[in-house]
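Start at 1 with the first residue, then count along the sequence.
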Amino acid sequence: MFTNAGTSSFTTFLSRVAPEMLPGRRPLPPGMAADLAPHATTIVAISAVGGVVMAGDRRATMGNLIAQRDIEKVHPADAYSLVGIAGTAGIGIELMRLFQVELEHYEKIEGAMLSLDGKANRLASMIRGNLGAAMQGLAVIPLFAGFDLAASDPATAGRIFSFDVTGGPYGETGYDAIGSGSLFAKSALKKRYRAGISLDEAVRLAVEALYDAADDDTATGGPDLTRRIYPVVMTASADGTHRLTDAETATIAEAVVAARMENPGG
């Protein structure tokens, strides 16, 4: 069975040979379990000329406690796409890694890369498989974005997809955010975002949106200048995915903090 997978979907293959390894197939005790595991919080994505930017804060919470200060919630899904997670951290990380394998498995079996819409649909089906756990409080909501190689105009090839807990995929225009601080992040982006911004401008907007989210949401972590913990910021363009170095992110985050020192209330 391992030398003849028979399907281009690794998730389908796994459901046949080892279904207990899928996050949504594990039996859970009755009752709500939302407070038993750390939760990842805010992710933002912004489309720009020539690509898309995704950024996530570094805090994970468990109830009123900070479970981890430097968790990484944004990762490359494949060579041209990004995925960020909010919700139950352990299941989210497992789902994200499974999604990475899913895309790599498809490419090896079919000899071609899935379209961006196809990738979003694959991720949607994986979220749907976790619905039982989500109904018991262990929900995971990802944000997916990437560079569409099939786009007629490379300048507008950056696309963003959001999902609901049942796996419904939705194409977003311009920007989107998920997690407990998403309301504040999207409110900040609503005033600052403009169509046609560059990737560099989008990076600055993403860091500012996370700062605003952290300002009003206790579960979202802002730039930690003392410990030098800054948001994870990644881009996807025709050149592939790229993660900003810690030094690059630090420069942007410190500039945002310095600007807010001049106007603390704005």
Side-chain angles (χ1 to χ4, degrees), residues 42-58 72-86 96 99-100 102-104 106-107 112-124 142-163 169-179 182 185-186 188-211 213 230-253 255-256:
T42 310
I43 309 291
V44 300
I46 305 172
S47 61
V49 173
V52 67
V53 172
M54 186 177 289
D57 80 301
R58 304 291 296 276
E72 296 189 0
K73 312 168 192 177
V74 177
H75 295 267
D78 67 357
Y80 294 97
S81 61
L82 307 167
V83 61
I85 57 163
M96 175 198 64
F99 181 52
Q100 291 172 326
E102 175 81 7
L103 299 184
E104 185 177 356
Y106 179 92
E107 190 171 346
M113 187 178 293
L114 265 172
S115 68
L116 198 64
D117 288 289
K119 296 172 190 177
N121 289 333
R122 288 292 176 99
L123 183 54
L143 190 60
F144 177 67
F147 183 85
D148 190 352
L149 295 172
S152 57
D153 182 4
T156 59
R159 299 175 62 195
I160 302 168
F161 294 87
S162 65
F163 304 84
Y170 309 99
E172 302 292 343
T173 301
Y175 60 87
D176 195 37
I178 58 171
S182 60
K186 286 194 283 189
L189 290 171
K190 183 182 292 185
K191 298 298 182 182
R192 300 291 308 278
Y193 177 80
R194 296 290 183 273
I197 62 174
S198 67
L199 281 172
D200 289 340
E201 291 172 317
V203 167
R204 170 73 184 234
L205 283 185
V207 175
E208 289 190 355
L210 289 175
Y211 184 100
Y230 304 101
V232 173
V233 183
M234 296 194 69
T235 64
S237 66
D239 297 325
T241 60
H242 169 70
R243 174 172 172 167
L244 271 68
T245 66
D246 289 342
E248 291 172 325
T249 309
T251 299
I252 298 168
V256 169

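- Proximity of a side-chain donor or acceptor of Tyr193 to a complementary backbone N or O of Ala188 within less than 3.5 Å is not detected.
- With sequence neighbours excluded, no residue satisfies ring-ring contact (aromatic ring centres under 6.0 Å, His included) with Tyr106.
- Formation of a donor-acceptor pair under 3.5 Å by the Ser237 side chain with backbone atoms of Gly51 is not found in this model.
- A search for side-chain hydrogen bond (donor to acceptor under 3.5 Å, both in side chains) contacts involving Ser81 returns Asp78, not counting sequence neighbours.
- Sorted by first then second residue, the salt bridge (charged side-chain N to carboxylate O under 4.0 Å, His left out) pairs that include residues 198-208, not counting sequence neighbours, are Arg192-Glu208, Arg204-Glu208.
- Between Pro231 and Asp57, the closest side-chain pair of non-hydrogen atoms is not below 4.5 Å.
- In this structure, CD1 on Ile178 lies 13.0 Å from CZ on Phe144, to the nearest 0.5 angstrom.
- Taking CZ of Arg122 as the start and CG of Leu114 as the end, the distance is 5.0 Å to the nearest 0.5 Å.
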TODO: Step by step, work out the side chain to side chain contact (heavy atoms under 4.5 Å, CB included) result for Ile197 and Val49.
DONE: CA-CA 6 Å; Ile197 62 174; Val49 173; over 6 Å; no
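- For Glu72, the salt bridge (charged side-chain N to carboxylate O under 4.0 Å, His left out) partners at least two apart in sequence or on another chain are Arg58, Arg243.
- Atom NZ of Lys119 sits about 11.0 Å away from atom CZ of Arg159, to the nearest 0.5 Å.
- Under the 4.5 Å side-chain criterion, counting only non-hydrogen atoms from C-beta, Val52 is not in contact with Thr235.
- Rounded to the nearest 0.5 Å, atoms CG (Leu244) and CD1 (Ile252) are 5.5 Å apart.
- A 4.5 Å side-chain heavy-atom check between Lys186 and Asp176 finds at least one atom pair inside the cut-off.
- Among residues two or more places apart in sequence or in another chain, the side-chain hydrogen bond (donor to acceptor under 3.5 Å, both in side chains) test is passed with Ser162 by Glu172.
- Glu107 pairs by the side-chain hydrogen bond (donor to acceptor under 3.5 Å, both in side chains) definition with nothing, not counting sequence neighbours.
- Remark: Thr241 pairs with Pro76, Leu82, Met234, Ala236 by the side-chain contact (heavy atoms from CB on, under 4.5 Å) rule, at least two apart or across chains.
- Checked against side-chain contact (heavy atoms from CB on, under 4.5 Å), Pro142 has the following partners two or more places apart in sequence or in another chain: Val83, Leu123, Ile127, Phe163.
- Taking OG of Ser47 as the reference point, atom CE of Met54 lies at 11.5 Å (rounded to 0.5 Å).
- In this view, Thr173 satisfies the side-chain hydrogen bond (donor to acceptor under 3.5 Å, both in side chains) rule with no residue, not counting sequence neighbours.
- Considering only residues two or more places apart in sequence or on other chains, Asn121 meets the side-chain contact (heavy atoms from CB on, under 4.5 Å) condition with Pro169.
- Each of Ile160, Val203, Val44, Val74 was evaluated against Val53; a single residue qualifies, Val203, per the side chain to side chain contact (heavy atoms under 4.5 Å, CB included) test.
- In terms of the ring-ring contact (aromatic ring centres under 6.0 Å, His included) criterion, Tyr230 has no residue partners (sequence neighbours excluded).
- The shortest non-hydrogen separation linking Lys190 to Tyr175 is CA-OH, 3.3 Å.
- Considering only residues two or more places apart in sequence or on other chains, Phe147 meets the ring-ring contact (aromatic ring centres under 6.0 Å, His included) condition with none of them.
- For the atom pair Thr156 OG1 and Asp148 CG, the distance stands at 9.0 Å (nearest 0.5 Å).
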